[in-house]
Amino acid sequence: MATRGHWGSNAGFILAAVGGAVGLGNLWGFAYSASQGGGAAFVVLYLLFVFFIGLPVLTAELVIGRHTGKSPVEAMLAVGGRRWKWLGFVFVIAGFGILSFYSVIMGWTGRLLVEFLRGTVPIDTAAHFGAISEGPGAIVAHLIGMLITVFVIIGGVQKGIERVSVVLMPVLFLLIAALAVWAATLSGAGPGYAFYLRPDLSQVFHTKTITGAAGQAFFSLSLGMGAMITYASYLSGRGNLAAQAGIIALSDTVVAFVGGLVTFPIIYHFGLQAEVSDSAIGALFIAVPRGFLSLGGGGQVVGVVFFLALYIAALTSGISLLEVVASALIDSLGWTRERAGWVAGGAIALGGIPGALSSDWVGFLFQLFGQVFLVFGGVMLALLVGYVWTAQARAELLKGFPSPALAEGWIWLLRTFVPVMLAITLFFAVLALGPVVSALLS
Ligand code: TRP
């Protein structure tokens with residue numbers, strides 16, 4: 001078997017992990033949830049969950065990854081023994097399921113990017129989105145996204161994933177910052193910020209808002225399916241994993257927050273409040289493009305920047321998803337990276353075709369894999385590290401972490417607050433499958 005990949009530098013690892021975390025979930029899912037959950041009140045709740053649930057689980061994934069140096073299935077076996085190996089398979093299935101719809105959305109994004117570049121987006125963006133989101137065009141756009149993703153991961157950890165992340169992540173940050181500055185000049189900026197930053201407490205004490213914030217934090221941080229285990233498995237040495245988890249979580253959260261500073265002014269400037277509350281996808285691909293078109297040539301430039309940023313965010317996340325599946329094939333079956341990349345990518349490309357034919361199917365896959373599977377995986381990881389593999393996890397963390405007392409706090413959270421909150425979130429995520437299934441059947 002070939003020697004395992006590894007990162008060229010700590011900064012490379014962190015940029016790749018931030019690239020995996022920052023995705024469509026940040027640039028749209030966060031603002032959408034905030035708009036439904038009482039603005040700043042949701043944001044505060046979200047921050048609490050990132051800190052008290054996301055950060056502990058992220059640290060647990062990094063600890064498992066670096067300690068074992070293995071892809072998720074083998075890592076679960078190494079850490080929990082034969083009784084835990086199945087969890088690794090659950091992770092791989094989740095990666096497969098998430099990428100198979102994620103890549104379809106990435107395809108829509110790429111399509112709008114190209115059309116804004118060419119100036120061919122028609123005024124009736126709703127009819128247009130209906131035409132491009134389902135059918136042959138959507139399949140082609142999805143396949144192109146998968147192809148790019150496969151090319152990156154077969155390039156290798158250092159020469160593929162790291163190199164792409166080191167170039168694209170700074171570009172992404174610049175694009176988002178530019179968009180936030182532009183959004184500040186819109187006349188809707190004032191009311192947009194006011195809604196975003198003024199807490200409406202009446203919305204926050206709903207179980208749906210609370211569990212929604214937890215689910216959103218989990219998806220946004222790419223937790224619960226071994227993506228972070230996989231990336232950390234290419235680390236060596238004694239760095240401070242809790243600090244690295246902190247940088248990753250902070251970056252992801254800052255991008256989500258700044259994403260809101262882009263989105264809310266747009267929503268209020270173009271009067272899209274009603275449309276946004278209808279559906280997250282509709283708002284992103286119908287309402288926002290219509291807003292840009294109303295600005296003429298300048299709007300075309302903004303459209304290009306906006307959809308380019310989304311595409312970069314989606315691509316680097318897709319890479320982390322495919323890497324989970326491919327690394328499992330490499331480590332468990334001894335395949336070469338080329339073979340694993342093409343087979344995993346090819347299978348997911350096929351598995352994504354139903355999503356490119358039905359956006360209700362995309363919604364269903366998101367709820368099933370992007371919420372239920374991830375939150376379930378999070379419960380299991382918390383229990384595994386909190387109760388089963390605790391001593392080794394503590395020792396691995398303490399290699400680079402200065403405070404034994406804080407390490408105990410981390411373990412305490414993994415034993416109590418984290419699994420309890422995630423179990424409640426899981427319950428509501430399963431309930432929410434009902435409406436998406438009926439949308440699918442109607
Ligand atoms: N975090 C990404 C987003 O916010 C989605 C994602 C990428 C993901 N890789 C993941 C989610 C792994 C869960 C697990 O869009």
Side-chain angles (χ1 to χ4, degrees), residues 16-34 46 49-50 53-54 57-58 60-62 65 71-72 87-88 90-106 108-109 145 149 152-153 161 165 169 172 176 212-232 248-249 251-260 280-281 284 309-328 344 348 362 365-378 380-381 422 425 429:
V18 171
V22 172
L24 298 164
N26 300 63
L27 294 181
W28 194 257
F30 177 78
Y32 176 74
S33 309
Y46 180 86
F49 286 152
V50 167
I53 300 178
V57 175
L58 176 53
E61 289 206 23
L62 298 187
S71 62
L87 186 57
V90 171
F91 291 162
V92 173
I93 293 170
F96 192 108
I98 294 176
L99 187 52
S100 69
F101 76 81
Y102 207 79
S103 163
V104 172
I105 304 180
M106 187 169 146
W108 299 339
T109 308
T149 310
V152 174
I153 78 130
I161 303 173
S165 308
M169 292 318 290
L172 176 62
I176 295 172
Q216 169 66 24
F218 236 63
F219 183 81
S220 185
L221 291 170
S222 299
L223 297 177
M225 54 149 280
M228 292 298 176
I229 295 178
T230 308
Y231 273 12
I248 296 166
S251 311
D252 186 70
T253 306
V254 167
V255 172
F257 184 76
V258 176
I281 286 182
L284 180 55
L310 268 183
Y311 201 78
I312 292 176
L315 175 65
T316 49
S317 294
I319 291 167
S320 83
L321 287 159
L322 183 59
E323 181 63 16
V324 170
V325 182
S327 74
I348 295 169
V362 170
L365 292 180
F366 169 74
Q367 190 60 33
L368 179 63
F369 292 111
Q371 296 288 290
V372 173
F373 266 63
L374 293 188
V375 175
F376 173 76
M380 289 296 141
L381 280 170
L422 287 179
T425 303

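Just follow the structure's listing: the first ligand is 1, and inside any ligand the first atom is 1. Keep in mind the model is a prediction, meaning the values are calculated, not measured.
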Side chains of [X] and [Y]: does their closest heavy-atom pair fall under 4.5 Å?
{"X": "Leu284", "Y": "Trp108", "result": "no"}
{"X": "Leu381", "Y": "Ile229", "result": "yes"}
{"X": "Val325", "Y": "Leu321", "result": "no"}
{"X": "Thr149", "Y": "Met106", "result": "yes"}

Looking at CG of Leu322 and OH of Tyr102, how far apart are the two atoms once the value is rounded to the nearest 0.5 Å? 13.5 Å

For ligand 1, output the ligand-protein N/O contacts shorter than 3.5 angstrom; if there are none, return none.
from: ligand 1; atom 1: 1 (N); to: Ala21; atom 2: O; distance (Å): 2.9
from: ligand 1; atom 1: 1 (N); to: Phe219; atom 2: O; distance (Å): 2.8
from: ligand 1; atom 1: 1 (N); to: Ser220; atom 2: O; distance (Å): 3.0
from: ligand 1; atom 1: 1 (N); to: Ser222; atom 2: OG; distance (Å): 2.9
from: ligand 1; atom 1: 4 (O); to: Ala21; atom 2: O; distance (Å): 3.2
from: ligand 1; atom 1: 4 (O); to: Gly25; atom 2: N; distance (Å): 3.4
from: ligand 1; atom 1: 4 (O); to: Asn26; atom 2: OD1; distance (Å): 3.3
from: ligand 1; atom 1: 9 (N); to: Ser222; atom 2: OG; distance (Å): 3.3
from: ligand 1; atom 1: 9 (N); to: Ser320; atom 2: OG; distance (Å): 3.2
from: ligand 1; atom 1: 15 (O); to: Leu24; atom 2: N; distance (Å): 3.1
from: ligand 1; atom 1: 15 (O); to: Gly25; atom 2: N; distance (Å): 2.8
from: ligand 1; atom 1: 15 (O); to: Tyr102; atom 2: OH; distance (Å): 2.6

Relative to each other, are the rings of Phe219 and Phe101 parallel, tilted or perpendicular (30° and 60° limits)? parallel

